[in-house]
Amino acid sequence: MVRMNTESTAYAADIEAIERVVATVEHSQQTKDPDEFLALFHPEAVWTTGGGKVLIGLDAIAEFTRKVLPADDWDGKVTYEVTHVFFMRPDVAAVKVRQLYRPPGEESEGAPLYVMTKQEDGRWLLTACQNTGVVAD
């Protein structure tokens, strides 16, 4: 169950739409499909990779993604789960995600934060995102 900052059911459709975006991120990573991944971004998005590289704008995000995602040598076993949604405004949400990479013989966890914006056509897009690895205590 997704936690959010309001008990109102007014956001139920938005939560479902946000979860679909995160599910598409997961699918694009599993299939190493840069086009599916890039279609989720606002044109002026900011993306900070797990390694700390800051990418500003869809062109920079696309250049990096097209180079890295298809060439990655991991087996595509990754899951993404929305764990918390904070609606800062009805059209802006901070979305906390639990990301698990499950390559053979090991597992690592990430804790991305996606700030998403709702467009005039009702679509939610990734707008300001930070990938963060979780370090074991």
Side-chain angles (χ1 to χ4, degrees):
M1 174 156 195
V2 177
R3 294 183 339 201
M4 58 184 199
N5 61 306
T6 178
E7 294 303 315
S8 170
T9 58
Y11 288 108
D14 290 315
I15 293 284
E16 288 178 17
I18 287 167
E19 287 177 328
R20 283 192 301 273
V21 170
V22 173
T24 304
V25 170
E26 176 182 281
H27 184 263
S28 70
Q29 298 300 300
Q30 290 172 342
T31 60
K32 300 180 185 181
D33 184 341
D35 293 325
E36 183 179 42
F37 181 67
L38 294 168
L40 303 171
F41 283 88
H42 187 281
E44 297 175 35
V46 176
W47 182 267
T48 303
T49 70
K53 184 173 180 74
V54 178
L55 307 168
I56 300 175
L58 186 55
D59 289 343
I61 295 166
E63 180 181 352
F64 176 84
T65 300
R66 291 186 194 288
K67 187 182 338 173
V68 173
L69 185 58
D72 217 344
D73 63 356
W74 67 293
D75 66 5
K77 292 182 179 160
V78 62
T79 59
Y80 289 71
E81 174 191 7
V82 175
T83 59
H84 185 80
V85 177
F86 171 63
F87 286 97
M88 295 180 269
R89 303 186 333 198
D91 62 341
V92 179
V95 181
K96 199 63 188 161
V97 175
R98 183 171 188 232
Q99 173 190 61
L100 292 175
Y101 284 95
R102 296 182 169 117
E106 62 181 274
E107 184 175 286
S108 63
E109 184 175 346
L113 174 65
Y114 301 156
V115 176
M116 299 176 69
T117 54
K118 187 175 185 178
Q119 307 307 294
E120 289 182 15
D121 64 4
R123 291 179 307 138
W124 283 90
L125 295 178
L126 300 170
T127 305
C129 306
Q130 170 79 42
N131 264 354
T132 303
V134 174
V135 179
D137 291 335

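The basis for the numbers below is simple: all heavy atoms, side chains too, and nothing from hydrogens, waters or symmetry mates.
Considering OG1 of T132 and CD of Q99, their distance stands at 9.5 Å, rounded to 0.5 Å. Distance check: T24 OG1 to L40 CG gives 5.5 Å after rounding to the nearest 0.5 Å. To the nearest 0.5 Å, atoms CZ (F37) and CZ (R66) are separated by 11.5 Å.
Both I15 and V21 belong to a common hydrophobic cluster when Ile, Leu, Val, Met, Phe, Trp and Tyr are linked at side-chain heavy-atom distances under 4.5 angstrom. No continuous path of hydrophobic side-chain contacts links I18 to L125 [ILVMFWY only; heavy atoms under 4.5 Å]. Using a 4.5 Å cut-off between side-chain heavy atoms of Ile, Leu, Val, Met, Phe, Trp and Tyr, with links allowed through other members, L38 and M116 fall into the same hydrophobic cluster.
For W47 and F64, the distance between ring centers is not under 6.0 angstrom.
Looking at residues two or more places apart in sequence or on another chain, you find a salt bridge (charged side-chain N to carboxylate O under 4.0 Å, His left out) between E109 and R98. Here R20 pairs with nothing under the salt bridge (charged side-chain N to carboxylate O under 4.0 Å, His left out) rule; sequence neighbours left out.
Ring-plane geometry between F87 and Y11 is classed as parallel, the angle between the planes falling under 30 degrees on a 0 to 90 degree scale with a further cut at 60.
None of E26, Q30, E19 except one satisfies the side chain to side chain contact (heavy atoms under 4.5 Å, CB included) rule with Y80; the exception is E26. Among E44, R89, M88, H42, the one residue that satisfies the side chain to side chain contact (heavy atoms under 4.5 Å, CB included) test with T117 is H42.
For the pair E36 (side chain) and S28 (backbone), a donor-acceptor distance under 3.5 Å is present. With K118 contributing its side chain and R123 its backbone, the two residues share no donor-acceptor pair below 3.5 Å. Formation of a donor-acceptor pair under 3.5 Å by the T49 side chain with backbone atoms of K53 is found in this model.
Put simply, the side chain of V82 does not reach to within 4.5 Å of the side chain of K96, judged on heavy atoms.
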Exercise. Go through the steps to decide whether T83 and V97 satisfy the test side-chain contact (heavy atoms from CB on, under 4.5 Å), and finish with yes or no.
Key: CA-CA 6 Å; T83 59; V97 175; 6.0 Å; no
